Amino acid sequence: MDRAEQIKHHVLKEKEEGKYHKQIKIVENATGYSYENLFKPYVDEMLTEVWVEDPYIRHTHQLYNFLRFCEMLIKGPSKVKKINLLTSRDEDQQMSGLQEIKNSLQDFGVTLEVTFSPSIHDREIRFDNGWMIKIGRGLDYFKKPQSRYSIGYCDYDLRPCFETSVDIFHNNHTRKT
């Protein structure tokens, strides 16, 4: 029990100093890495704004991934009021899909601000509570399900993943704009 308290104190100290770093390696075909499992530990009642930089929120399955991420944020305990998405422009369906997500988020009192960059490459998610998560594959780390009626189609905890790394940092000075 003393060791657990020491570890907790050490993590809090590193967070305060802006030195906290954790890396999660998702191996090929691993399961159990839904957005809830990966991001929920960093979503708290202090969270009000999120920045998502991912060049690949373009195709239907990528739009669904982004929508699922937004749903996770809305479930709480956060009080997210604004989500900023920086991505690259691609298809006509991208614009209509993002507009539908934007309209749906408004029903929950959340504003979605979308901007486009032709040169974006890196992927990261920043929370205004100081957490920053960098995922090698962005939000698109899930494999395609075998069929529409296969296990893992709806529950992303059961969906196999592509191999990727997730780096989690805490910084008291996370960019707000």
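For clarity, every value in this text was computed on a predicted model and none was experimentally measured.
With rounding to the nearest 0.5 Å, the separation of CG in N129 from OG in S78 is 9.0 Å. Separation of atoms CD (Q23) and CZ (F169) is listed at 8.0 Å; rounding is to 0.5 Å. In this structure, CD1 in I151 is found 11.5 Å from CZ in R159, a value given to the nearest 0.5 Å. Atom OG1 of T164 sits about 10.0 Å away from atom CG of D140, to the nearest 0.5 Å. A distance of 6.0 Å separates CD1 of I101 from SG of C70, quoted to the nearest 0.5 Å.
Considering only heavy atoms from C-beta on, E53 comes within 4.5 Å of I120 through its side chain. Contact check for Q106 versus N103: side-chain heavy atoms found under the 4.5 Å cut-off. Contact check for M72 versus V43: side-chain heavy atoms found under the 4.5 Å cut-off. For the pair D128 and L47, the minimum side-chain heavy-atom distance is below 4.5 Å. The shortest distance between side-chain heavy atoms of K79 and E45 falls below 4.5 Å. Using a 4.5 Å cut-off on side-chain heavy atoms (C-beta onward), L139 and I125 make contact. L86 is listed as a side-chain neighbour of T115, based on a closest heavy-atom distance under 4.5 Å. Side-chain contact check for P55 versus R123: some heavy-atom pair is nearer than 4.5 Å.
The hydrophobic cluster containing M46 does not contain I168, counting ILVMFWY residues as joined when their side-chain heavy atoms lie under 4.5 angstrom apart, directly or transitively. Under the 4.5 Å side-chain heavy-atom criterion for grouping Ile, Leu, Val, Met, Phe, Trp and Tyr, V114 is connected to I83 within one hydrophobic cluster. Y141 and Y56 sit in two unconnected hydrophobic clusters of ILVMFWY residues. Membership requires side-chain heavy atoms under 4.5 Å apart, directly or through other members.
Counting non-hydrogen atoms of neighbouring residues, nucleotides and ligands closer than 6.0 angstrom, the CG atom of L158 exceeds 12 such neighbours. Atom NZ of K22 has 12 or fewer neighbouring heavy atoms from other residues, nucleotides or ligands inside a 6.0 Å radius. Heavy-atom contacts from other residues, nucleotides or ligands closer than 6.0 Å to CZ of F116 number more than 12.
Across K40 and K75, no two heavy atoms sit closer than the pair NZ-CB, 4.0 Å. Across all their heavy atoms, T31 and D157 have their closest contact at CB-O, 3.4 Å. Pairing each heavy atom of Y153 with each of P145, the nearest pair is CD1-CG, 3.3 Å. Across all their heavy atoms, E36 and P41 have their closest contact at O-CD, 4.1 Å. A pairwise comparison of heavy atoms in L63 and Q94 identifies CD1-CA, 4.0 Å as the closest pair. In plain terms, the two heavy atoms of G32 and N37 that are nearest each other are O-ND2, 3.1 Å.
If you check the side chains of N65 and Y156, you find a donor sitting under 3.5 Å from an acceptor. When only modelled atom types and interatomic distance are considered, R58 and T87 share no side-chain donor-acceptor pair under 3.5 Å.
Centroid-to-centroid, the aromatic rings of F162 and Y33 stay 6.0 Å apart or farther. The ring of Y35 has its center closer than 6.0 angstrom to the ring center of F142.
Tested against I133 for a side chain to side chain contact (heavy atoms under 4.5 Å, CB included), the candidates L38, D167, I24, V166 yield a single pass: V166. Here the options are Y20, Y42, W131, the test is ring pair (Phe, Tyr, Trp, His ring centres under 6.0 Å), and the partner is H170; only W131 passes.
Ring pair F39/F69 is perpendicular by interplanar angle, where above 60° counts as perpendicular and below 30° as parallel.
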